[in-house]
Asker: 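Below you will find the structure I want to go over with you.
The model shown is predicted, which means the values in this text are computed figures rather than measured ones. FYI, side chains are in, hydrogens and waters are out, and symmetry mates aren't considered; it's all heavy atoms of this structure.
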Amino acid sequence: MLYLLGGLLLLHGGYSAYEHNYVSANAPRPLPNDIILEVIIGVVVMVFGAMASIRNQPQLSVTGEKVTPAATYLQPIDQQSAFAEKKQLGVHDWQPLESRPDFVDVLAKRREYNAYVDAKSQK
């Protein structure tokens, strides 16, 4: 419902702006404050409508039972599983910063690669 109301306000504000520009084609003037206010209110109403429509919907289980999520809007963040997943991948918090090209030691990487190639060729 809020989407519809916000959309109508935006549509009417856009049409009013078009009409204002059409009527004042000979002497251009800035948009009146009521048109600007109507567009701002339309955007705010649409944002509230979007926020109100984000809800976790109940799902059906394998047995056909209706399962409602514990959280109404978003799933809770389980820090332990997130950290365990990162630890399993071997990624730490500073990994994105350390892997930037500005911070990579090219000479050390070259030595590491040469050692790898030498070890591969000796086998």
Asker: What is the distance from atom CE of Met46 to atom CG of Leu4, rounded to the nearest 0.5 Å?
Answerer: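 If I round to the nearest 0.5 Å, the distance is 9.5 Å.
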Asker: Could you measure the distance from the OH atom of Tyr116 to the OG atom of Ser121? Nearest 0.5 Å is fine.
Answerer: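 Here the rounded value is 11.0 Å.
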Asker: Under 4.5 Å between side-chain heavy atoms, hopping through other hydrophobics if needed: is there a path connecting Val43 to Tyr3?
Answerer: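 Yes; Tyr3 is reachable from Val43 via cluster members.
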Asker: Taking the side chain as C-beta and beyond, is there a heavy-atom pair between Val39 and Leu9 under 4.5 Å?
Answerer: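 No, their side chains stay 4.5 Å or more apart.
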Asker: Might you point out which heavy atoms bring Ser53 and Ala50 nearest each other, and give the distance in Å?
Answerer: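 Looking at all heavy atoms of both residues, the shortest contact is OG-O, 3.0 Å.
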Asker: Give a yes or no on whether Leu37 and Val47 share a hydrophobic cluster (residues Ile, Leu, Val, Met, Phe, Trp, Tyr; joining criterion: side-chain heavy atoms under 4.5 Å apart).
Answerer: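 No, because Leu37 and Val47 fall into different hydrophobic clusters, even though each may have its own neighbours under 4.5 Å.
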Asker: If you measure from CG on Asn33 to CD on Glu38, what distance do you get to the nearest 0.5 Å?
Answerer: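 One gets 12.5 Å once the value is rounded to the nearest 0.5 Å.
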Asker: Checking Tyr15 against Glu19: is there a side-chain donor and acceptor pair closer than 3.5 Å?
Answerer: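 There is such a pair (donor and acceptor under 3.5 Å, judged by atom type) between the side chains of Glu19 and Tyr15.
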Asker: Heavy-atom distance under 4.5 Å between the side chains of Lys109 and Tyr113, does that happen here?
Answerer: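 Lys109 vs Tyr113: side chains apart.
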Asker: Please determine whether residues Ile41 and Leu2 belong to a single hydrophobic cluster, defined as Ile, Leu, Val, Met, Phe, Trp and Tyr linked transitively by side-chain heavy-atom distances below 4.5 Å.
Answerer: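 Same cluster: Ile41 reaches Leu2 through Ile, Leu, Val, Met, Phe, Trp or Tyr contacts under 4.5 Å.
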Asker: Tell me whether His12 contacts the main-chain N or O of Ile35 through its side chain, where contact means a donor paired with an acceptor under 3.5 Å.
Answerer: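 Between the backbone of Ile35 and the side chain of His12 there is no qualifying donor-acceptor contact (under 3.5 Å).
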